[in-house]
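Atoms within each ligand, like the ligands themselves, are counted from 1 in listed order.
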Amino acid sequence: MPGSIVRPLRHLSNSAAHRCVAPARLGRFNVAFQVRSGVLCAGAVSLADIAEVVGTPTYVYSGDAIAERYQQLEQAFVGIPTQICYAVKANANLGVLRLMKALGAGFDIVSGGELQRAVAAGAVPESIIFSGVGKSVAEINLALKFGIGCFNVESAAELARLGEQAVLLGRRARVAVRVNPDVDAETHPYIATGLKRNKFGVNAAEALNLLLRAQRHPQLEARGVACHIGSQIGRVAPFLEALDRLLELVDALAAQGVRLEHIDIGGGFGVTYRDEAPFDPAQLAAMAETRLAARPQTLVIEPGRFLTANAGVLLTRVEYLKPSQEAGQPHFAVVDAAMNDLLRPALYQAWHPLQRVQPADAQAQTAAWDIVGPICESGDFLAQQRELALAPGDLLAIGAAGAYGMAQSSNYNSRGRPAEVLVQGGDFRVVRRREHINDQLALERLDADG
Ligand code: LLP
């Protein structure tokens with residue numbers, strides 16, 4: 001094997017190889033993913049068994065880990081009346097949504113499709129909040145017919161459209177206005193949403209006008225103020241800054257006779273991918289409590305990533321090893337998952353933890369591998385420079401993949417999307433079957449046949 005850092009693992013005993021498979025590498029909160037008898041498991045279920053039965057690539061979610069995270073949030077906010085509206089966009093699988101519903105969550109949606117999913121999962125329409133800058137007439141009408149809990153309106157034009165449709169349909173709509181608080185969330189620029197230059201929300205003065213307008217409208221009810229400043233936020237301070245801006249607005253509205261029912265601070269609570277300090281919801285809750293104690297409004301939060309990211313892994317198998325042919329060049333491990341399955345590394349240069357599912361065998365070759373997929377793009381990587389012992393056929397688990405993983409998957413290169421599996425206790429079930437090429441062809445046959 002060429003290249004100085006590539007060496008066979010022959011000298012390692014099995015037990016030494018086991019030690020490579022440290023559970024901590026899948027993230028601090030990943031207590032649900034533990035090595036048992038040398039094999040990485042989700043709860044009591046071996047990920048190797050899942051791969052055997054379901055194939056790869058496959059997303060595996062731990063229902064117990066999701067529940068634990070949900071309860072952690074509930075506990076943190078126990079001192080303030082709080083509604084948790086799970087951000088469906090993070091992971092929209094019906095099995096996950098049903099679990100969220102069972103845990104007591106409401107839902108934050110951003111499309112007609114997410115609305116249909118939430119309803120299909122048994123959501124009570126009043127527990128649904130509709131966010132997003134571009135709600136179409138069809139989406140607004142669908143939400144009006146279901147009688148959702150609140151529209152988070154993001155512009156004057158949207159408020160006008162909502163008012164017109166509510167009149168046409170003879171329905172009432174509860175409205176919150178999303179404020180752009182111009183707060184720096186200190187996160188990746190693609191997922192910062194609370195700065196003036198971002199497309200989201202309106203400034204405080206405009207929000208005041210819109211809520212007054214809603215209040216005067218025969219079919220609209222001004223119910224709340226909202227914001228969402230970004231995603232993967234590590235510190236509490238930006239949330240408090242945004243909350244303070246919202247509270248000023250609540251007070252300005254109260255002075256004009258508008259009494260709001262809720263204050264929605266959005267989602268964005270960060271998680272640990274690598275070595276980020278975990279976001280502490282209890283600290284946020286304590287600080288929010290001092291600000292909200294004397295107020296009648298309910299707090300709404302819209303967490304997505306916090307609930308699901310660390311509860312999911314993407315299982316993939318090594319197809320080929322392509323060790324470097326020249327010193328200083330990368331060693332590639334080509335796996336059967338790709339950027340169409342998990343886009344985050346390519347799109348945000350995101351770092352995901354990764355580890356073997358089973359101990360390395362004697363043929364494994366140790367190197368700093370770039371883990372790449374079969375897609376014809378150089379950006380098609382899932383991890384880079386990971387020191388691992390690998391052999392073709394080895395199973396890998398890419399951690400912290402439960403949020404914005406499957407949700408951002410595509411059919412690029414005409415690849416079928418992966419299967420999804422939900423593990424609860426000692427059982428697992430396929431909550432979405434692997435896509436077949438016929439699923440793609442079926443959508444195009446009509447055109448082809450004329
Ligand atoms: N509420 C609203 C209005 C949102 O736009 C979002 C996320 C959330 C709640 C949930 O945020 P979370 O708690 O999950 O941070 N694809 C990116 C993340 C995009 C987030 C977009 N909005 C990623 O993979 O990092």
Taking NZ, NE, NH1 and NH2 as the nitrogens, is one of them in Glu435 or Arg432 under 4.0 Å from a carboxylate oxygen of the other?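 Looking at Arg432 together with Glu435, the answer is yes, because their closest N to O distance falls below 4.0 Å.
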Under a 4.0 Å heavy-atom cut-off, which residues neighbour ligand 1?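 Its neighbours under 4.0 Å (heavy atoms only) are Ala87, Lys89, Asp108, Ser131, Arg178, Ile191, His228, Ser231, Gln232, Gly267, Gly268, Glu302, Pro303, Gly304, Arg305, Arg344, Tyr348, Tyr404, Gln408, given by chain and number.
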Which pair of heavy atoms, one from Val313 and one from Gly399, lies closest together, and at what distance?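 Taking every non-hydrogen atom into account, CG1-CA, 4.1 Å.
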Take atom CD in Glu126; do more than 12 heavy atoms of anything else shown fall under 6.0 Å from it?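 Check passes, neighbour count above 12.
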Taking atom CZ of Arg259 as the centre, report whether more than 12 heavy atoms of other residues, nucleotides or ligands fall under 6.0 Å from it.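 Atom CZ in Arg259 is not packed in, count stays at 12 or less.
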With distance as the sole test, does Asn91 use its side chain to make a donor-acceptor pair with the main-chain N or O of Ala407 at under 3.5 Å?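 Side chain of Asn91 to backbone of Ala407: no pair is present.
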Can you see whether Arg223 engages His262 through a side-chain donor-acceptor pair at a distance of less than 3.5 angstrom?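 Result is no, nothing qualifies.
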